[in-house]
Amino acid sequence: MDWSHELVNSSVWILKAYVATVLLFALTAWGLARFTIWGRHFWKITGGYFLSKNGWRPLLAIAFILFLTLCAVRVDVLFSNWYNTMYTALQKLDEKAFWAAMVLFAVLATIHVVRSLFDYYVQQSFTIHWRVWMNEQFLSGWLSNRAYYRSQFLNINTDNPDQRIQQDITAFIESSLALSMGVVNALVSTIAFTAILWGLSGPLAVMGVDVPRAMVFLVFIYVLIATAFAIKIGRPLILLNFLNERFNANYRYALVRMREYAESIAFYAGEKVEGALLRSRFAQVIGNAWAIIYRSLKFLGFNFAITQTAVVFPFIIQAQRFFSKQISLGDLIQTAQAFGRLQDNLSFFRNAYDQFASYRATLDRLIGFTGAIEQAHQLPEPDVVEQGKRVALEALTVNTPTGRALVTNLSLEVLDTEPMLIRGPSGVGKTTLLRAIAGLWPYCEGKIIRPASGVLFLSQKPYIPLGSLRDALYYPQQLPDTTNYEQLAVRESVVSGAPVNLDTMLNADDATRSPADDMNTQRAQEVLRQVQLGHLIARLDEVTDWGRILSLGEQQRLSFGRLLLAQPTAAFLDEATSAMDEGLEDAMYRLVREQLPHTALVSVGHRTTLLAHHPHQLTLKPEGVWLLSAS
């Protein structure tokens, strides 16, 4: 083989193969998206990534990945030809040609290592950017229009949306890239190595290779030394992969909590706060992923170098014995190598079947989730009208999903000086009426008049968000010192390729919070005393699972603290004192009327003790009947 012209020949080969591959790849992608169901599903959930204003970047990345894949095939072909050149030199006892082959190997090995590392980085970078885009698309769709809550009204409910956002997106992206590039590599390699094997076809001669026993010891020593270095270099990956599982679990747990407390969050209209928290935890996942990439570059770089050195190492050791004619080899090696590679390529399609089946399942789950979000957005919404601070209902009818009337043609107005109590037997529709007023219940007609902002709903089981007691007290207000979660998480995660301070990363919520303003702190402490939670003042900024620590009665008092801090125009309380004794209940309502005299107040409850704080009553009865009266 004439290696002096190989640079030009390889360039021409790569150019021709690249043009043909790009055209076939684009044509195949178009055909799959046009004529296959799963291709259309693929394009529906991710087509926007390639058609956005920055769509040229992912398209350029794919084109570059294709180029690197073809370069890999060409390098494999050159290695096959190198084997022929090197073994021919050995057979001819041409020492000069042999050492020239060693220099050539060093060049090819360097190209292979650099290409492999570059390919790894480009693919991982492309995967991460694609994942960030898809996560934002699904998360935004899931949060917008309260689809996370309204999806429960669909005929077929979507299971495990948290898994579909956190896990299935990742599996989908990784499998899409692995399968597509695997097919390209297998097809191009099959063509290339078929041509090589065709040219080498002929009578096969079985020739023995005399391997000295000393070589066995050298191999063991070589492997042991390489393994020791690999363990040392790769050890940080153990911790990084552990953190990867931990951060992913934290992210998914936050998504699960959002599903569990969907109604409470929807009542509070806490989408912005929840979105900030979810994005902050996702930023930790991405930051750790970058750290894994940089550490893996070192680990894989060492392994690639060791692997390539292992190819030439035996030949260097045995060179002297060959030139002294103690051993002989045939040029069957290239034939065997080409045959083995061809077999591997042809086996790809058989071996990839299980992977493709798993890929289809993941794709089906994501397209089903997309459909659920779209259907949730299409559900009807109550007619909510904004008229200043007015709180009123005009000819409101509320039905069940089956069409049974809960409230029929209800008209009333709530004044800030005259709180109203909604009463009635269990199951008559009291909470559902509040859902309709909040704009959550799709099965209602009539007009709902309430302020556009400054409306607070307190449920019987309060929602306690992740974070500190201060966060829980101010919820759903977004504190001004909690706005840099993502920037800090990424900055702490990726500095010189690995986490600088794991404690800081694991407690990013604490690290991102600046010292609270003295006035705000004093106000929060005062509110805790007013709602008889003064024993928690010292733990105001402690980050823990407060939903499990506080009793239901304490959580309800904490909700009254939110009410005092928020100072809403209108407040709706759904049995918000059910876990309190009558004395505490009386104290909380008196506190609200003293602190918030201009807040329109509507309560749902069964206790007769509530009548003292509500001069007007709305009594709901079966079959949509209702009655307005004075206490």
Side-chain angles (χ1 to χ4, degrees), residues 264 267 389-393 396 406-407 410-438 450-451 454-462 473 526-534 550-622 625-631:
S264 296
F267 271 137
K389 297 182 178 181
R390 187 182 177 207
V391 177
L393 304 177
L396 180 65
L406 296 175
V407 179
L410 173 62
S411 297
L412 58 82
E413 184 162 359
V414 181
L415 302 178
D416 56 8
T417 57
E418 299 179 349
M420 176 173 290
L421 176 64
I422 302 176
R423 305 184 69 193
S426 297
V428 78
K430 302 184 295 297
T431 299
T432 303
L433 176 58
L434 290 191
R435 294 188 183 113
I437 296 174
R450 63 179 178 83
V455 179
L456 193 64
F457 289 81
L458 301 186
S459 60
Q460 182 178 5
K461 179 66 173 69
L473 188 60
E526 178 185 357
V527 166
L528 286 178
R529 292 190 187 96
Q530 290 174 335
V531 297
Q532 302 185 33
L533 292 175
L550 300 179
S551 67
L552 182 56
E554 289 176 320
Q555 293 180 39
Q556 289 184 344
R557 278 180 276 159
L558 187 69
S559 292
F560 273 86
R562 292 177 185 168
L563 189 60
L564 297 179
L565 286 173
Q567 300 182 351
T569 304
F572 298 84
L573 283 63
D574 184 11
E575 299 194 46
T577 58
S578 60
M580 303 182 197
D581 58 51
E582 293 180 357
L584 275 175
E585 177 184 81
D586 181 72
M588 292 301 105
Y589 270 97
R590 290 184 182 278
L591 181 63
V592 169
R593 296 320 300 162
E594 291 173 1
Q595 299 289 326
L596 306 175
H598 302 296
T599 296
L601 187 65
V602 177
S603 298
V604 170
H606 294 279
R607 292 177 178 174
T608 57
T609 53
L610 292 172
L611 296 175
H613 304 286
H614 300 83
H616 294 281
Q617 295 181 56
L618 170 65
T619 302
L620 301 185
K621 300 180 179 181
V625 179
W626 53 272
L627 176 65
L628 280 173
S629 61
S631 299

Go through the steps to decide whether Val407 and Leu393 satisfy the test side chain to side chain contact (heavy atoms under 4.5 Å, CB included), and finish with yes or no.
-> CA-CA 12 Å; Val407 179; Leu393 304 177; over 6 Å; no

Quick one: do Leu627 and Val625 satisfy side chain to side chain contact (heavy atoms under 4.5 Å, CB included)? Show the steps, please.
-> CA-CA 7 Å; Leu627 176 65; Val625 179; over 6 Å; no

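Under the 4.5 Å side-chain criterion, counting only non-hydrogen atoms from C-beta, Ser603 is not in contact with His613. Counting heavy atoms from C-beta outward, Val414 and Pro419 have side chains that stay 4.5 Å or more apart. In this structure, Thr599 and Val592 have side chains that are not in contact, with every pair of non-hydrogen atoms separated by 4.5 Å or more. With a 4.5 Å cut-off on side-chain heavy atoms, Met420 and Leu628 count as touching.
Listed by chain and residue number, Asp586 satisfy the salt bridge (charged side-chain N to carboxylate O under 4.0 Å, His left out) test with Arg590 (two or more places apart in sequence, or in another chain). For Arg423, the salt bridge (charged side-chain N to carboxylate O under 4.0 Å, His left out) criterion is met by no residue, not counting sequence neighbours. Listed by chain and residue number, Phe267, Phe572 satisfy the ring-ring contact (aromatic ring centres under 6.0 Å, His included) test with Phe457 (two or more places apart in sequence, or in another chain). Partners of Ala566 by side-chain contact (heavy atoms from CB on, under 4.5 Å), not counting sequence neighbours, listed by chain and number: Leu456, Gln477, Pro568. Listed by chain and residue number, Tyr149, Glu263, Thr432 satisfy the side chain to side chain donor-acceptor pair (under 3.5 Å) test with Arg435 (two or more places apart in sequence, or in another chain). Shown here are the side chain to side chain donor-acceptor pair (under 3.5 Å) partners of Thr569, two or more places apart in sequence or in another chain: there are none. The side chain to side chain donor-acceptor pair (under 3.5 Å) check on Lys430 picks up nothing, with sequence neighbours excluded. For the side chain to side chain donor-acceptor pair (under 3.5 Å) test, residues two or more places apart in sequence or in another chain that qualify with Glu585 are Thr577, Arg607, Thr609.
Here Leu473 contributes atom CG and Leu565 contributes atom CG; the two are 4.5 Å apart, rounded to the nearest 0.5 Å. Asp574 contributes atom CG, which lies 3.5 Å from atom OG1 of Thr431 (distance to the nearest 0.5 angstrom). Interatomic distance, CD1 of Ile422 versus CG of Leu412, reported as 7.5 Å (0.5 Å rounding). In this structure, NE2 on His598 lies 8.5 Å from NZ on Lys389, to the nearest 0.5 angstrom. Put simply, CG on Leu620 and CG on Leu406 are 9.0 Å apart, with the number rounded to the nearest 0.5 Å. Taking CD of Gln460 as the reference point, atom CG of Leu573 lies at 11.5 Å (rounded to 0.5 Å).
In terms of heavy atoms, Gln532 sits closest to Leu584 at OE1-CD2, 3.3 Å. In terms of heavy-atom proximity, Pro451 sits nearest to Val391 at CD-CG2, 3.9 Å. Contact between Lys461 and Ser264 at its shortest, heavy atoms only, is O-OG, 3.6 Å. Summarising the geometry of Leu533 relative to Leu558, their closest heavy-atom pair is CD1-N, 3.8 Å, with the distance given to 0.1 Å. Nearest approach of Arg593 to Pro597, heavy atoms of both residues: NH2-O, 3.5 Å. Closest non-hydrogen pair, Gln567 versus Leu564, comes out as CG-O, 3.2 Å.
Counting only residues at least two apart or in different chains, side chain to side chain donor-acceptor pair (under 3.5 Å) contacts with residues 410-422 comprise Arg390-Glu413, Glu418-His616. Listed by first and then second residue, the salt bridge (charged side-chain N to carboxylate O under 4.0 Å, His left out) pairs involving residues 550-559 amount to none (not counting sequence neighbours). Residue pairs meeting the salt bridge (charged side-chain N to carboxylate O under 4.0 Å, His left out) criterion with at least one member in residues 612-622, sequence neighbours excluded, do not occur.
Of the possible donor and acceptor atoms, one in the side chain of Gln556 sits under 3.5 Å from a partner among the backbone N and O of Ala579. Looking at Arg450, its side chain does come within 3.5 Å of a backbone N or O of Ile437 through a donor-acceptor pair. At distances below 3.5 Å, at least one donor-acceptor pair connects side-chain atoms of Gln555 with backbone N or O atoms of Leu550.
Classified by interplanar angle (parallel below 30°, tilted 30° to 60°, perpendicular above 60°), the ring pair Tyr589/Phe560 is perpendicular.
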